[in-house]
Structure formats: C-alpha cells, structure tokens
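This report concerns only the one structure given below.
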Amino acid sequence: MAYWLFKSEPDTWSWAQQSARGDQGEEWNGVRNYQARNFMRQMEIGDQGFFYHSQTEKAVVGLVEVIATSHPDSTTDDPRWDCVDIKALCPMPRPVSLEMVKAEPLLAEMALLRQSRLSVQPVTPEAWDIICKMGGLE
DNA sequence: GCCAACGTTGGC
DNA sequence: GCCAACGTTGGC
C-alpha cells in the first residue's frame, strides 16, 4: 500500500465537502498536470492519503482513502486527463501546518516543501508516520 | 497583492 | 528542438 498527499484550495473543494460525501467519496478531478496525473495512475484501491488545504490554511487536515483507480476525468472531454476517487477516513485531531512540517528536519525532503505547486504527490511511509503522530493519530 | 517557481504554448 | 512569453499556483 502506498501513501499520497492531495492538495486542494478550501474555497474550491474543502475537507468539509469531502467529509460530507461519506463513503461514497468523490472524484479528485480538475487536475491538469502530467506529474500529478501520473501519480494518480499509480494509485491502487486502499491506498491512503493526506488531505491538505493550501492557500489560507496550509495544513494537513484529514486522511483519505483511494476507492477507485484512475479513470477519465468527468469534468473534461480531453482524453489526457484521468483521476481517482477518494473518500474521507478521519479528520486530523490536530491539523499539521506547513510551518510544523518545515520545522521537522526529517520532513525536509517532502515534495510538499520541494515542489510546492504539485497538487498530487507521493508520501514516504516514514513521512506518513511522522505526520500522523504530529497530528495526534496513533 | 506580490512574487518566485514552474508548466505550457507558440514562433522560429 | 529551443526559447521567449505567458498563465497558474502557492506561499508570504
């Protein structure tokens, strides 16, 4: 099983909206970036991810799970763009802010810091554990 | 609101 | 195939 990070502007698609979808989940659509798309194509059902709010909040606010593998993005006719479906698992008891991630030397290599514009990115198992603990999980 | 980073597009 | 121009994203 692999770990990922999904980034969203809360004004566009928020954790609250994602949670409201329940187990039915929702397409992670609208991605128009090849790198991000390629990561989604690698995802498998049961993979887990962080849900990150960019812009105003800049924090990991919850955990999600992949419930459908890559398929055409319903928001475009352009055959280049695929997406997966994800559902909310649980909120972070304490959201892990970008500031907190930056302050942890063990997380310095995260794509979140190195490639700030990438909206879908892989997370190593080590980074996953660290952030879960920082957020009050486990 | 600004700016840096970076991806995309189009002309050559 | 290169590169300049431009658009978008995200942090500050």
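Quick note on labels: first sequence line is chain A, next is B, and so on, each numbered from 1. Reckoned from all heavy atoms, side chains included, excluding hydrogens, waters and symmetry mates.
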Are side-chain N/O atoms of [X] and [Y] paired as donor and acceptor at under 3.5 Å?
X	Y	answer
A/Q115	A/Q35	yes
A/S74	A/E27	yes
A/R32	A/S119	no

Q) So A/W128 and A/Y3, would you call those rings parallel, tilted or perpendicular, with 30° and 60° as cut-offs? A) parallel
**Q.** C/dG11 phosphate, OP1 or OP2, under 4.0 Å from A/Y52 side-chain N/O
**A.** yes
In whole angstrom, what separates [X]'s [atom1] from [N]'s [atom2]?
X	N	atom1	atom2	result
A/F6	C/dG10	CZ	P	15 Å
A/E9	C/dG11	CD	P	10 Å
A/D11	C/dT9	CG	P	13 Å
A/Y34	C/dT9	OH	P	15 Å
A/N38	B/dG7	CG	P	12 Å
A/L112	B/dA5	CG	P	17 Å
A/R114	B/dC6	CZ	P	11 Å
A/L118	C/dT9	CG	P	13 Å

Q. With a 3.5 Å cut-off and just heavy-atom distances, do the side chain of A/R117 and the base of C/dT8 make a donor-acceptor pair?
A. yes
Q | Closest nucleotide among B/dG7, C/dG11, C/dG10 to the A/N33 side chain | A | B/dG7
